[in-house]
Structure formats: structure tokens, C-alpha cells
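These figures come from a predicted structure and were not determined experimentally.
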Amino acid sequence: MIPARCLTTCDDDEEDNSRVALILGDKPVCGEKALLMAPKIKLSSGYEMPVLGFGTHGLKGYQCLTAIHCAVETGFRHFDTAYNYENEKEVGEAIRTQMQMGNVSRENIFLTTKLWNTHHDPRDVRRICEKQLEALGFDYIDLYLMHFPVGYKHMCDEILYPMEGEKMQTTEIDYIDTWRAMEELVKLGMVRSIGVSNFNMEQVQRIIQCSSSKPVVNQVEVWPGFMQKDLVDYCRYNGIIVTAYSPLGQPNREIHTPIYFFSEGMKRLVKRYKRTASQIVLRYLIDYGVVPIPKAGNPLHIKENLNIFDFQLNESDTRALRGIKSKERIMKYEPVKDHPFYPFERDEDEQGETETPVSRRSSSAPQKRKTALPEPGEQEGDEGDE
């Protein structure tokens with residue numbers, strides 16, 4: 001469990017503020033209400049990362065700029081982008097503007113971006129990282145992740161998905177060779193920490209065994225109904241932080257999915273804690289020990305997502321959330337499922353009969369089961385934001 005603390009920026013003394021290395025400048029953004037900040041967790045590289053991040057997938061142009069401005073002013077200090085999101089320029093521009101306004105310092109920002117699949121060739125890694133640094137407008141990246149273990153054919157930097165008909169053009173480049181090229185970026189001071197995304201346990205273990213350093217983070221899909229307990233436990237045992245993308249399960253109010261998010265049990269929790277379903281889920285995931293990175297474009301949702309450090313779920317409600325039946329993963333990367341480095345279970349028809357996967361391989365395998373939230377206390381077992 002990651003410890004969570006509530007921090008105010010108006011009344012707390014300087015010593016208390018230093019505990020989470022908060023720098024807001026001469027005129028912090030705060031009103032009559034206390035500003036809640038995300039505490040930090042130490043990575044194996046020695047650097048610290050806020051336990052709640054701001055995801056930017058799908059945010060483009062002006063919407064991205066305004067969302068980042070709002071997030072910084074609200075109190076977010078951990079931002080997650082990627083080369084294939086095509087918004088690194090906007091993310092960097094908004095953060096730099098906030099720095100110029102005196103609202104935040106670079107040392108207080110934790111910025112994550114990713115090496116895309118078309119740049120797995122070790123000869124491309126440094127060049128593309130330099131290009132990303134130029135787009136972001138910074139001298140270094142806090143955390144650089146290999147986005148996926150499967151490499152795509154590089155045609156040009158602008159073609160992100162090299163398709164031939166319905167088939168993705170992939171390469172046989174070993175992700176170990178790509179990882180070693182990423183290690184050089186740390187030595188050069190271009191990035192502070194490196195990690196992976198969408199890697200299974202066997203692949204993470206292979207990196208540990210074949211390299212001089214281990215990933216500090218594995219960013220994977222985690223949400224109530226797809227908790228990947230075996231993978232999370234394995235990473236925790238090896239001192240690797242799990243970052244959770246799609247932490248809410250990509251709620252859709254039109255078709256009421258995922259079911260748990262709109263269930264009667266969740267409505268009871270919303271009423272009990274006087275919080276939104278998103279706030280309850282994010283609080284639950286942080287207590288579970290992962291670092292969620294919800295995306296939001298609506299200013300109200302941005303503020304709500306950060307306002308989760310002044311309440312605690314009781315044991316029975318945590319148990320109810322833990323009892324949500326497993327569901328299959330959302331992100332499957334099916335066009336490359338025949339590649340030898342494909343990290344997910346290929347047999348989509350296999351179903352588990354227990355709440356917790358029983359094998360190491362099943363840690364990333366989809367489980368086709370009904371998703372519903374048990375009633376709180378009972379023992380059982382802006383659309384677009386996520």
C-alpha cells in the first residue's frame with residue numbers, strides 16, 4: 001500500500017511542505033479551501049514520483065494546452081505523454097509557460113514520455129529521444145518508457161503504424177538491445193530513469209537478467225475488474241513501480257460500461273463518501289499500490305481527480321471493490337498478436353474460474369467474466385475522461 005498524506009499550501013509551515021517537495025512559486029494557486037497534493041514514492045533509481053499522474057492520451061492542440069494549464073494550477077505535478085500521442089509539443093509548452101509564470105519549477109515536475117515502437121532500432125533511440133526533448137522544450141526527461149516490447153518497421157518518423165493491408169509491419173529487433181540503448185540515455189543525462197510499458201513478467205525478468213539495470217516502472221492497464229494481481233505483486237517484489245493506465249476502465253455513460261462503474265453498489269459508495277465514482281476508484285488503486293494516470297479534459301474532472309487524499313475507504317468497502325469479477329483487458333494490440341514478443345495471452349477464449357489468476361502467465365491474460373460491484377460491506381469473492 002502506498003501511504004497517502006494530505007498537504008495544505010496555505011496554512012502548513014515550510015517544513016511540512018518540504019515533505020513532498022512542493023514548489024508553487026511566490027503566489028501559489030489556492031483559495032479558501034486547502035490544496036491537496038499527491039505524495040511521492042521513491043523509484044529504485046533514487047528519484048521520486050508523485051503517486052498520481054495526469055494522462056494525456058487523446059488530448060490534442062488547444063484542448064491539451066488548456067488541460068495541462070488547469071492540471072498544473074490545480075496541483076498535478078506528474079504528467080504522462082508519449083511520442084505516438086502526438087502532443088509532446090503542447091504538453092511541454094504548457095508546462096514551460098507555467099514555469100515562466102512562477103507557478104511551478106522544473107525540479108518539481110515529473111515528466112514521463114515513451115519510446116515508440118517504430119524506434120526500437122538501437123541506432124534510432126538517441127536520435128528520437130533528442131527529437132522528443134526538442135518538442136518538449138526540456139533538457140531532460142524524468143522517466144522514459146519503452147512503450148511496447150514489439151518493434152514496428154521504421155519507414156519515417158511520421159508513420160506510427162506501418163500497415164500492409166490489415167497486417168502491421170513488425171521487426172525482429174530484440175527489446176533487450178533497445179533497452180541497452182535506453183540505458184545509454186541515462187549515462188548521457190538525457191533521461192533520469194527508464195522503464196517499460198505493457199511488458200509481462202517473463203519479459204521484465206529477462207531485462208533484469210540480461211541488463212545492467214532494471215526498469216523502475218512498468219506501465220500497464222490496471223482498473224477494478226482488471227487488477228493484474230500477479231503482475232503487480234511480481235513488480236512490487238522486484239522494486240518496480242506499476243503505473244496504471246485506463247485506471248477507471250474507460251467509462252462510457254451511453255452504454256454503461258464498465259458495469260461496476262455504474263452499479264448500485266458504486267452509487268452507494270458515492271453517497272457514503274460524498275465523492276464521485278472516479279475519486280473512489282483512484283483512491284482504491286493508490287491504496288492497492290499502483291500509480292494511476294487518469295486522463296481528463298474537463299476542468300471539473302481534473303480537480304476532482306486530484307482531490308482524493310483527504311479521505312480513506314474503510315476495510316469492508318475496499319473488500320467489496322476487490323471482489324469485482326474479472327473482465328478482459330481493453331488494450332490488446334491484436335495486429336501484432338502473432339509476434340514472438342507479444343506480451344499478452346493469445347488465447348482469448350480461456351477463462352479463469354478464480355478471482356486471482358493462478359499462473360504467472362495468466363497475470364496479463366484477459367478473464368471473461370461479468371463485472372459487478374458487490375454491495376458495500378458484503379463479502380463476495382465527462383465521458384472521454386479516464
Does [X], at its [atom1] atom, have more than 12 non-hydrogen atoms belonging to other residues, nucleotides or ligands within less than 6.0 Å?
| X | atom1 | result |
| --- | --- | --- |
| M155 | CE | no |
| K42 | NZ | no |
| K89 | NZ | no |

task: Would you check if the distance from the ring center of F148 to the ring center of Y333 is below 6.0 Å?
output: yes

Cation-pi geometry met for R253 and F262 (6.0 Å, 45°): no

task: Validate the cation-pi geometry between R206 and Y175: distance from NZ or CZ to the six-membered ring centre under 6.0 Å, angle to the ring axis within 45°.
output: yes

Roughly how far apart are [X] [atom1] and [Y] [atom2], rounded to 0.5 Å?
| X | Y | atom1 | atom2 | value |
| --- | --- | --- | --- | --- |
| E184 | K187 | CD | NZ | 4.0 Å |
| T81 | N87 | OG1 | CG | 3.5 Å |
| S105 | Q98 | OG | CD | 12.5 Å |
| I207 | Q209 | CD1 | CD | 11.0 Å |
| L282 | E304 | CG | CD | 10.5 Å |

Within the distance-only criterion (no hydrogens, no angle test), does the side chain of [X] pair as donor or acceptor with the backbone N or O of [Y] below 3.5 angstrom?
| X | Y | result |
| --- | --- | --- |
| N314 | D317 | yes |
| H120 | I173 | no |
| T56 | L59 | no |
| E221 | A244 | no |
| S197 | Q219 | yes |
| K214 | N238 | yes |
| R283 | I308 | yes |
| D80 | T112 | no |
| E48 | P39 | no |
| D174 | D177 | no |

Which pairs would a plain distance check flag for residues 122-129, meaning a side-chain donor or acceptor within less than 3.5 Å of a matching protein atom at least two apart in sequence or in another chain?
unit_1: R123; atom_1: NE; unit_2: D121; atom_2: OD1; d: 3.1
unit_1: R123; atom_1: NE; unit_2: D121; atom_2: OD2; d: 3.4
unit_1: R123; atom_1: NH2; unit_2: D121; atom_2: OD2; d: 2.7
unit_1: R126; atom_1: NE; unit_2: E130; atom_2: OE2; d: 3.2
unit_1: R127; atom_1: NH1; unit_2: D157; atom_2: OD2; d: 2.7
unit_1: R127; atom_1: NH2; unit_2: D157; atom_2: OD1; d: 3.0

Could you check [options] and say which one makes a side-chain contact (heavy atoms from CB on, under 4.5 Å) with [X]?
| X | options | answer |
| --- | --- | --- |
| I241 | V290, V217, V216 | V217 |
| F344 | K337, R329, M331 | R329 |
| W179 | P149, S213, C210, S212 | S213 |

task: Determine, stepwise, if the pair E183 / R180 fulfils salt bridge (Lys or Arg N to Asp or Glu O under 4.0 Å).
output: CA-CA 5 Å; E183 289 179 317; R180 289 170 178 164; 5.5 Å; no

query: What residue pairs, at least two apart or across chains, pass side chain to side chain donor-acceptor pair (under 3.5 Å) with a residue in residues 160-173?
result: N84-Y161

Test side chain to side chain contact (heavy atoms under 4.5 Å, CB included) applied to D139 and M190, step by step: CA-CA 7 Å; D139 296 328; M190 298 170 64; over 6 Å; no

Geometric class of the W223/Y260 ring pair [parallel <30°, tilted 30-60°, perpendicular >60°]: parallel

message: Please verify the inter-ring angle class for F76 with F54; under 30° counts as parallel, over 60° as perpendicular, anything in between as tilted.
response: perpendicular

Less than 4.5 Å apart, side chain to side chain, heavy atoms only: is that true for [X] and [Y]?
| X | Y | value |
| --- | --- | --- |
| M49 | T243 | yes |
| T118 | P162 | yes |
| V281 | P247 | no |
| V222 | M227 | yes |

task: Carefully, step by step, assess Y144 and Q132 under the rule side chain to side chain donor-acceptor pair (under 3.5 Å).
output: CA-CA 11 Å; Y144 199 50; Q132 291 175 271; 2.5 Å; yes

field: Side-chain ion pair, K131 and E134, N-O less than 4.0 Å
entry: no

task: Could you walk me through whether H119 and Y83 pass the ring pair (Phe, Tyr, Trp, His ring centres under 6.0 Å) test, one step at a time?
output: CA-CA 10 Å; H119 302 124; Y83 184 88; 5.0 Å; yes

Side-chain donor-acceptor pair under 3.5 Å between [X] and [Y], yes or no?
| X | Y | result |
| --- | --- | --- |
| Y234 | Q205 | yes |
| N198 | Y245 | yes |
| D287 | Q312 | yes |

- line: Taken in chain and number order and not counting sequence neighbours, the residues that satisfy side-chain contact (heavy atoms from CB on, under 4.5 Å) with Y140 are R106, E107, D142, R192

query: Would a hydrophobic clustering, with Ile, Leu, Val, Met, Phe, Trp and Tyr connected at side-chain separations under 4.5 Å, put M101 with I109?
result: no

